[in-house]
Amino acid sequence: DGGITQSPKYLFRKEGQNVTLSCEQNLNHDAMYWYRQDPGQGLRLIYYSQIVNDFQKGDIAEGYSVSREKKESFPLTVTSAQKNPTAFYLCASSISTGFGNQPQHFGDGTRLSIL
Amino acid sequence: GQSLEQPSEVTAVEGAIVQINCTYQTSGFYGLSWYQQHDGGAPTFLSYNGLDGLEETGRFSSFLSRSDSYGYLLLQELQMKDSASYFCASPEIGGYQKVTFGTGTKLQVIP
């Protein structure tokens with residue numbers, strides 16, 4: 001079955017450490033997204049990508065970085081510059097139509113905490 | 001930019017009908033989507049309104065009024081499993097697929 005796989009499910013970061021969250025999809029979708037969700041809050045867009053080797057900053061990109069070297073993969077690195085990284089991170093993908101009206105398919109998320 | 005506002009919490013009785021509202025302010029507008037998210041889980045797509053009017057999918061319906069910058073999700077014959085958070089979302093007009101999510105409404109269904 002096609003879907004989106006995020007790993008790990010839980011991740012702990014030490015002070016000053018960079019960590020990378022994995023997101024892989026086999027839906028053949030062009031567009032991929034990373035969102036951050038804090039407890040009781042909505043989804044805030046970190047980065048998004050419409051095609052390979054191209055990505056755009058979302059609303060809260062500071063302290064994060066991404067790459068899109070393959071269509072299937074869109075890893076997110078939480079850098080040491082992100083001072084409050086504790087959150088639930090969700091990766092999503094969708095068909096790219098240029099109109100943004102296609103449903104997004106989400107992975108099961110990664111919970112990141114500070115040690 | 002875009003902002004989509006929703007009530008933070010709604011409580012309803014099992015078997016009843018509940019409406020979850022979404023008001024938006026956008027510089028351009030394509031349409032409105034709705035997602036459901038159970039606690040600790042991934043959001044799942046429920047519906048999309050590209051045009052004004054009502055879209056029905058089983059027990060769930062969604063409505064859009066562009067003139068009022070307003071939409072709602074209607075859940076009928078509520079079941080306990082409908083207890084979840086519900087988000088409206090809207091894509092931004094432009095060359096990229098940027099989507100903004102609403103603030104979210106936590107629905108609690110009580111017996």
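From a predicted model like this one, the values you see are computed outputs, not experimental measurements.
R59(B) is linked by a salt bridge (Lys or Arg N to Asp or Glu O under 4.0 Å) to D82(B), counting only residues two or more places apart in sequence or in another chain.
Residue contact with chain A, scored on non-hydrogen atoms closer than 4.5 Å, is absent for Q6(B). Of the two parts of Q6(A), neither the backbone nor the side chain holds a non-hydrogen atom closer than 4.5 Å to a non-hydrogen atom of chain B. For L43(A), the parts lying under 4.5 angstrom from a heavy atom of chain B are both the backbone and the side chain. For chain B, no part of R44(A) is nearby; none of its heavy atoms comes within less than 4.5 Å.
When only modelled atom types and interatomic distance are considered, T77(A) and T20(A) share a side-chain donor-acceptor pair under 3.5 Å.
The 12-atom threshold is not exceeded at CG of D39(B), counting heavy atoms of other residues, nucleotides or ligands nearer than 6.0 Å. At most 12 non-hydrogen atoms from other residues, nucleotides or ligands lie less than 6.0 angstrom from CG of L51(B).
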